[in-house]
Amino acid sequence: MAKEYNFREIEQKWHQNWVANKTYKVVEDENRKKFYVLNMFPYPSGAGLHVGHPLGYIASDIYARYKRLQGFNVLNPMGYDAYGLPAEQYAIKTGQHPEKTTFQNIDRYREQLDKIGFSFDWDREVRTCTPDYYKWTQWAFQKMFKSFYGLTPNPSSVGEGNQQPKAHPIEELIAYFEKKGTEGLDAYNIAQGEELSFTAEEWNSWDEKKQSDVLMNYRLAFMGETMVNWCPQLGTVLANDEVVNGVSERGGYPVEQKKMRQWCLRVSAYSQRLLDGLETIQWSESIKETQKNWIGRSEGTEVQIKVADQDVDFTIFTTRADTMFGVTFFVLAPESELVDKVTTPEQRAAVDEYIKYVKGRTERERMIDHTVTGVFSGAYGINPITGDKCPIYIAEYVLAGYGTGAIMAVPAHDSRDYAFAKHFDLPIIPLVEGADVSKESYDAKEGIVMNSPVSPDKSVKYDGESLNLNGKTIKEAIAETKRFVKAHKLGRVKVNYRLRDAIFSRQRYWGEPFPVYYKKGIPTMIPEECLPIELPQVDKFLPTETGEPPLGNATKWAWDEKNKKIVEKSLIDEVNVFPIELYTMPGFAGSSAYYLRYMDPKDDEALVSEKAASYWQNVDLYVGGSEHATGHLIYSRFWNKFLFDLGVSKKDEPFQKLINQGMIQGWSSFVYRLRNTNKFVSFDLLDEQYDEAKKKSFYYYQGAEADPVYADISMVSGNILNVEKIREWTPEFRDAEFILNQNGQYIVSQAIEKMSKSKYNVVNPDDICENYGADTLRLYEMFLGPIEQSKPWDVAGIDGCFRFLKKFWSLYWDKDGNLAADDSKATADNMKTLHKLIKKVTSDIEEFSYNTSISAFMVAVNELSGQKCRSKQVLSQLPVLIAPFAPHIAEELWEALGNKTSVCDAKWPEFDEKFLVESSVKLGVQFNGKVRFAMDFPADATPDQMVQMATSAPDAQKYLDGMQIVKTIAIPGRIVNIVIKPQA
RNA sequence: GCCCAGAUGGUGGAAUUGGUAGACACGAGGGACUUAAAAUCCCUUGACCAUUGCGGUCGUACGGGUUCGAGUCCCGUUCCGGGCACCA
């Protein structure tokens with residue numbers, strides 16, 4: 001009897017062995033080069049792990065194991081992003097503490113992960129919801145509160161070492177205010193909410209509250225009154241990336257705009273560095289592009305506009321300074337404070353009515369509905385270049401939050417201005433030669449400028465100079481206008497970013513509490529040595545009756561300043577005891593610096609020790625989904641840059657290389673219920689009608705409409721429903737009538753969708769592990785296709801991988817079940833197969849092309865099996881090569897070969913070219929690019945020799961007959977082509 | 001609308017980066033071994049024509065181009081996916 005591949009026994013044995021020997025424990029070792037592999041840690045949801053989760057974990061585990069075999073000291077940790085909305089929603093429904101359900105889910109995840117054979121060092125596990133972890137989340141927040149961004153406003157440090165803006169202690173700014181107020185501050189590029197102006201005397205005369213308010217304008221974590229995305233159903237504010245198409249990302253509830261006092265992070269301060277950093281990291285172009293869009297840098301010009309007959313002026317922002325001659329009106333955002341100032345008494349009523357209309361519209365309405373609306377303010381602005389008086393309008397198409405909230409409108413060259421001008425019948429002046437603006441605007445930045453000015457007297461002189469752009473290209477015209485505006489102090493060159501500050505507070509329970517108390521209304525940091533401030537117990541997870549966030553339900557939630565401890569709320573006296581912040585931090589707080597914590601997860605003294613941070617530096621390979629492009633991957637980069645400024649993180653960028661694994665989708669199955677009945681009709685009996693307007697199909701059976709209902713995929717094989725099984729599933733099907741087709745089968749319809757509990761299409765990895773083993777699962781998930789690609793889960797091909805492992809296994813055993821490997825000398829063919837494999841697998845792993853390396857294994861095993869290879873010289877190398885992909889079988893065979901240590905500590909085989917060198921190469925001989933016959937060439941033949949041999953070969957004669965050779969192309973090892981034409 | 005990525009057999013996907021397209025796997029068909037099944041092994045499998053002559057023609061979404069030679073490079077079109085979306 002041949003020895004059977006008993007994967008259950010093997011995998012259980014090695015799992016226990018790894019745990020017992022702490023095979024995957026990793027410690028800092030100055031003598032070895034480090035390599036840091038990381039996966040985006042999961043949110044432990046109630047549905048458990050599905051087959052999509054391990055895709056990324058397997059991919060990074062393969063790389064981690066490979067790097068280890070190459071001699072690197074590899075850090076490959078795992079943990080849980082444990083704070084989150086679902087656990088809290090569940091808690092509200094059932095009254096169970098979210099910590100309890102979260103920990104239950106974590107245990108389930110761990111159990112599932114353990115089955116797949118990852119090389120995680122579980123001693124480094126982190127959970128974002130444990131106090132020893134979130135202590136450092138709170139600590140980082142406090143540091144941001146105590147920092148501003150810019151150059152040091154300290155005259156002695158101007159120059160060397162003070163060229164790059166970065167985070168600095170807020171004390172430096174306070175010292176400056178005490179001496180000079182805001183005078184000369186703009187030289188230091190300090191990030192701020194709005195441009196303030198005050199003197200040192202004013203600053204020194206202000207009380208603590210006023211000074212605190214002013215400092216909020218500069219702090220990197222600050223409390224600000226801002227427009228927020230408020231979601232009434234979730235009872236909380238959301239960050240921009242948590243809102244998709246005007247509804248909440250989680251749950252899909254409507255979101256409205258609301259002005260609220262909130263904690264914010266001044267992410268925008270780092271806009272330029274976030275943009276520049278993208279050039280230094282190996283991420284996919286599409287993610288970098290997405291981040292570039294999100295940051296939205298635009299370089300333009302700010303120009304001062306005087307309002308005619310009023311003592312008011314305002315600033316507009318434009319990227320098309322060249323079009324100043326085509327301005328025919330100005331537009332203010334409805335929310336702009338200028339609206340009130342410029343509106344004339346005659347227009348007051350109309351303007352008020354318009355503002356009222358705008359306020360009544362939700363963000364979603366404004367996003368979907370782009371009809372032209374607006375109102376004339378009654379005032380006129382003076383174009384500083386032409387001297388023309390142009391009407392000032394108020395319209396919602398201008399956004400308050402971007403630029404200055406005011407624009408100059410050039411209808412000829414901006415489609416939005418064009419639509420507005422057509423609607424209000426305003427003049428349109430074309431400025432580009434050949435541009436036809438009778439039907440639409442000409443927005444392209446290409447062409448030659450004209451009408452700028454129309455006539456010499458239409459250009460205002462400044463210091464004897466007037467602007468003339470005629471005949472210039474648009475690019476030249478922009479540069480020239482910038483120069484002109486700057487030279488004559490009409491405005492300034494300005495860079496704007498679309499990236500907004502992140503709203504950092506949530507009105508929820510299950511999140512990190514803020515280490516902040518309110519001392520006479522002033523937000524004050526709880527001393528660093530008192531951290532962490534632990535999440536208090538509450539009896540209800542809903543907001544209080546007075547509308548306070550859930551933490552308002554906590555009774556022991558006040559800060560005793562004198563004794564430095566948390567005390568009962570009833571003791572608040574506003575002298576020694578003050579209320580603590582009721583908001584909690586958002587999901588991205590805990591996930592922004594977790595990769596640093598893995599380096600040193602148990603450290604009580606620091607987020608990460610100097611020693612650990614210096615050794616591990618940053619993540620070399622990060623694997624995760626691309627859906628985090630504008631969320632986690634921006635916040636993390638921001639957070640890391642801040643910690644880098646503090647010297648905590650050692651690299652400016654946290655994730656050197658990023659691989660985005662695709663999503664594994666599920667096949668959802670639908671049965672069709674006739675409306676208002678309990679009858680289900682087989683899909684092939686239904687008539688389909690497609691509704692063009694709704695982009696959706698509707699189904700009918702004998703005139704009655706049938707509605708799709710999800711059926712659990714375990715009830716379906718192929719597209720045939722197991723009627724008995726579904727009857728047992730839920731009561732609604734028990735007594736249902738199933739109308740079958742003529743073959744007596746019930747056919748379901750199927751669709752590819754995201755895997756989700758509610759769609760009943762989740763495939764668990766557990767069943768695969770049970771039936772085929774973890775090694776097959778690992779191999780199969782990688783064999784499915786490139787990691788980056790999304791694809792539906794389909795078990796159809798899994799047998800192929802299972803068969804391969806069985807073949808691989810049987811290379812090692814004879815028919816009696818004894819080890820077949822012996823000391824015989826490997827043949828040239830054996831060595832060639834082996835080294836072909838080493839070369840292919842090594843280069844494929846480096847390129848994350850795991851599917852092709854598995855193919856290479858299949859080929860090699862088939863070849864060796866055909867060669868009846870028994871030689872240990874070859875067979876002892878294979879377990880090492882397969883170890884990253886299928887670690888259990890690798891260990892088993894490695895041990896069977898007589899090794900005493902884990903295959904993890906083996907050495908990755910070296911590729912040797914000499915085994916691949918051929919004495920001859922078979923190449924196709926082409927005439928005029930078409931292959932005509934194949935022949936052998938000596939491997940070391942020169943191009944001339946190859947041509948000589950090809951043309952004199954007997955096969956060549958019939959092609960050469962009556963022809964003459966025009967040209968020859970020969971590349972050794974590659975190609976021989978002879979260009980011929982009929983003889984003249 | 002703008003930006004990015006992509007389209008290869010019945011299916012998932014390969015292709016040394018411009019050099020014999022379809023590796024590897026699934027599925028399908030045929031065969032061997034078996035009382036039978038499972039397992040295993042062998043053959044065929046892009047299309048069409050020719051098949052007791054070993055071959056020929058076409059073929060990488062579509063239309064052009066560059067080249068001795070294009071799945072790969074360039075121009076245009078269609079379709080699918082992702083991101084941004086009144087950002088001035």
Side-chain angles (χ1 to χ4, degrees), chain A residues 2 4 245 284-298 300-301 316-321 323 331 333 366-367 369-373 395-399 401-410 413-417 419-420 443 496-500 626-627 629-630 660 662-663 779-780 783-786 788-792 794-801 803-804 806-807 810 839-840 843 849 851-860 862 865 922-934 965-971 973-981:
Chain A
E4 201 192 330
N245 290 328
S284 74
E285 281 310 313
S286 63
I287 291 265
K288 286 207 244 182
E289 201 60 38
T290 301
Q291 292 213 342
K292 277 181 201 165
N293 283 341
W294 192 258
I295 295 166
R297 182 184 203 271
S298 69
T301 316
I316 56 99
F317 175 76
T318 180
T319 53
R320 289 294 302 273
T323 60
V331 189
R366 270 173 87 159
M367 272 170 73
D369 173 25
H370 283 187
T371 48
V372 176
T373 67
E396 59 178 336
Y397 84 91
V398 173
L399 305 176
Y402 184 75
T404 58
I407 62 151
M408 62 177 211
V410 185
H413 302 292
D414 183 287
S415 55
R416 296 151 303 176
D417 297 345
F420 195 85
D443 291 16
N496 263 327
Y497 300 91
R498 216 171 56 205
L499 186 68
R500 304 292 160 83
S626 56
E627 66 273 19
T630 55
N660 300 114
M663 206 172 23
L779 235 38
Y780 182 58
F783 189 65
L784 225 41
E788 279 103 333
Q789 233 162 67
S790 287
K791 55 232 144 188
D794 184 3
V795 284
I798 200 162
D799 284 312
C801 290
R803 265 174 225 155
F804 158 71
K806 282 197 281 194
K807 276 184 211 162
S810 59
K839 185 180 184 186
K840 180 80 177 141
S843 64
S849 177
N851 55 336
T852 53
S853 43
I854 293 168
S855 295
F857 272 113
M858 291 173 172
V859 172
N862 274 338
S865 151
K922 203 182 196 78
L923 287 180
V925 176
Q926 302 179 354
F927 287 95
N928 289 348
K930 215 156 223 176
V931 177
R932 294 302 173 178
F933 61 92
I965 295 174
V966 180
K967 191 178 169 185
T968 60
I969 298 114
I971 305 166
R974 287 277 191 87
I975 197 79
V976 182
N977 187 28
I978 293 145
V979 184
I980 49 179
K981 69 172 188 191

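Here is how names work: the chains are called A, B, and so on, in the same order as the sequence lines, proteins then strands, and each is numbered from 1. These figures come from a predicted structure and were not determined experimentally.
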Results of side-chain contact (heavy atoms from CB on, under 4.5 Å) for A/Arg297 - residues two or more places apart only: A/Gln272, A/Leu275, A/Glu299, A/Val495, A/Tyr497
When syn is taken as a glycosidic angle within 90 degrees of 0, is B/U20 syn or anti? anti
Closest nucleotide of RNA chain B for A/Lys967 versus for A/Ile798: which of these residues is on the 5' side? A/Ile798
Taking atom C1' in both B/U40 and B/A61, what distance in whole Å separates the two? 42 Å
Heavy-atom nearest nucleotide on RNA chain B for A/His370 versus A/Lys840: which residue maps closer to 5'? A/Lys840
Work out how far the P atom of B/A38 is from that of B/U34, and round it to whole angstrom. 16 Å
Separation of the C1' atoms in B/A14 and B/U8, to the nearest angstrom: 10 Å
Between B/G69 and A/Asn928, is there an OP1 or OP2 to side-chain N/O distance shorter than 4.0 Å? no
Any base atoms under 4.0 Å from A/Ile971, or only sugar-phosphate, or nothing? Heavy atoms, all strands. base
Is there a side-chain contact between A/Ser298 and the phosphate of B/A88, meaning an N or O under 4.0 Å from OP1 or OP2? yes
In whole angstrom, what separates A/Asn851's CG from B/C26's C1'? 14 Å
Can you tell me the base-pairing partner of B/A28? Count Watson-Crick or G-U wobble geometry only, both distances below 3.5 Å, and say none if there is no partner. B/U44
Could you tell me whether A/Arg500 contacts a base, only the sugar-phosphate backbone, or nothing, with contacts defined as non-hydrogen atoms closer than 4.0 Å? base
Could you check which nucleotide pairs with B/G18 in any of the strands shown, counting Watson-Crick or G-U wobble with both distances under 3.5 Å? none
Give the rounded distance in Å between these two atoms: CD1 of A/Ile854 and C1' of B/G13. 12 Å
Output the rounded distance in Å from CG (A/Asp794) to C1' (B/G12). 8 Å
Going by purine N1 to pyrimidine N3 plus the second Watson-Crick contact, or the G-U wobble pair, all under 3.5 Å, which nucleotide sits opposite B/G9? none
Can you tell me the pairing partner of B/G63 across any strand shown, Watson-Crick or G-U wobble, with both distances under 3.5 angstrom? B/C75
Nearest to the side chain of A/Glu396 - B/A14, B/C86, B/U17? B/C86
Is B/G9 in the syn or the anti form, by the rule that syn lies within 90° of 0? syn
Check every atom of B/G19, B/C84, B/A88 against the side chain of A/Ile975 and return the nucleotide holding the closest atom. B/G19
The nucleotide from B/C84, B/G13, B/C24 with an atom nearest the side chain of A/Phe783 is B/C24
Nearest of B/A25, B/A88, B/G83 to any side-chain atom of A/Asn293? B/G83
A/Tyr397 versus A/Asp417: any side-chain heavy-atom pair under 4.5 Å? yes
Any strand counts, and the cut-off is 3.5 Å on both contacts for Watson-Crick or G-U wobble. Which nucleotide pairs with B/C33? none
When we call it a touch if two heavy atoms are under 4.0 Å apart, what does A/Lys839 touch: a base, just sugar-phosphate, or nothing? nothing
Picking from B/C3, B/G13, B/A88, the nucleotide nearest the side-chain atoms of A/Pro786 would be B/G13
Per atom distances to the A/Thr852 side chain, the nearest of B/G13, B/A15, B/C24 is B/A15
Name the nucleic acid region contacted by A/Leu784, choosing base, sugar-phosphate or nothing; use a 4.0 angstrom heavy-atom cut-off, strictly under. sugar-phosphate
OP1 or OP2 of B/A88 sitting under 4.0 Å from any side-chain N/O of A/Tyr397? no
When you compare the side chains of A/Thr852 and A/Ser849, does any donor N or O come within less than 3.5 Å of an acceptor on the partner? yes
Using modelled atom types and a 3.5 Å cut-off, is there a donor and acceptor pairing between side-chain atoms of A/Asn928 and backbone atoms of A/Ile980? yes
Above 12 or not: heavy atoms from other molecules or residues under 6.0 Å from NZ of A/Lys791? yes
Respond yes when some side-chain nitrogen or oxygen of A/Lys806 is under 4.0 Å from OP1 or OP2 of B/U40, and no when none is. yes
When the P atoms of B/G81 and B/G13 are compared, how many Å lie between them, rounded to an integer? 16 Å
Across the strands shown, which category fits A/Val410 at heavy-atom distances under 4.0 angstrom: base, sugar-phosphate, nothing? nothing
Whole-Å gap separating P (B/A39) and CZ (A/Phe804): 19 Å
Which nucleotide, B/C84, B/A88, B/C26, lies nearest any side-chain atom of A/Arg498? B/C84
Rounded P spacing from B/G59 to B/C84 in Å: 41 Å
A/Arg932 CZ to B/G69 P, straight-line distance once rounded to whole Å: 13 Å
Euclidean distance for P, B/G31 against B/G63 (whole angstrom): 42 Å
Crowded around A/Lys930 NZ? As in, over 12 foreign heavy atoms under 6.0 Å? no
What is the separation between atom CD on A/Gln291 and atom C1' on B/C4, rounded to the nearest whole Å? 14 Å
What's the closest nucleotide to the A/Asn862 side chain, out of B/A88, B/C58, B/A25? B/A25
Measure NZ/A/Lys807 against C1'/B/A39 and give the value in whole Å, please. 13 Å
Work out how far the C1' atom of B/A47 is from that of B/C33, and round it to whole angstrom. 35 Å
May I ask you to evaluate whether A/Arg803 reaches the phosphate of B/C26, defined as a side-chain N or O under 4.0 Å from OP1 or OP2? yes
Would you say A/Gln926 places a side-chain N or O within less than 4.0 Å of OP1 or OP2 belonging to B/G19? no
Looking only at atom types and distance, does a side-chain atom of A/Asn496 sit under 3.5 Å from a main-chain N or O of A/Tyr402, one as donor and one as acceptor? no
Heavy-atom nearest pair, A/Phe420 first then A/Ala395, reads CE1-CB, 3.5 Å
Beyond-backbone contact of A/Thr968 with A/Val979, side-chain heavy atoms, under 4.5 angstrom: no
Mind calculating the distance between NZ (A/Lys292) and P (B/C3) to the nearest angstrom? 14 Å
Tell me the partner of B/C2, counting only Watson-Crick (N1-N3 plus N6-O4 or O6-N4) or G-U wobble (N1-O2 and O6-N3) with both under 3.5 Å; none if nothing fits. B/G83
Can you identify which nucleotide, out of B/G12, B/A88, B/C84, has its nearest atom closest to the A/Trp294 side chain? B/C84
Looking only at heavy atoms, the pair that brings A/Thr373 and A/Glu396 closest together is OG1-OE2, 3.0 Å
Among B/C84, B/G13, B/C26, the one nearest A/Lys791 by side-chain distance: B/G13
Identified pairing partner of B/A38, criterion: Watson-Crick or G-U wobble below 3.5 Å: none
Suppose you measure atom C1' in B/A32 against the same atom in B/C48; what distance do you get, rounded to whole Å? 32 Å
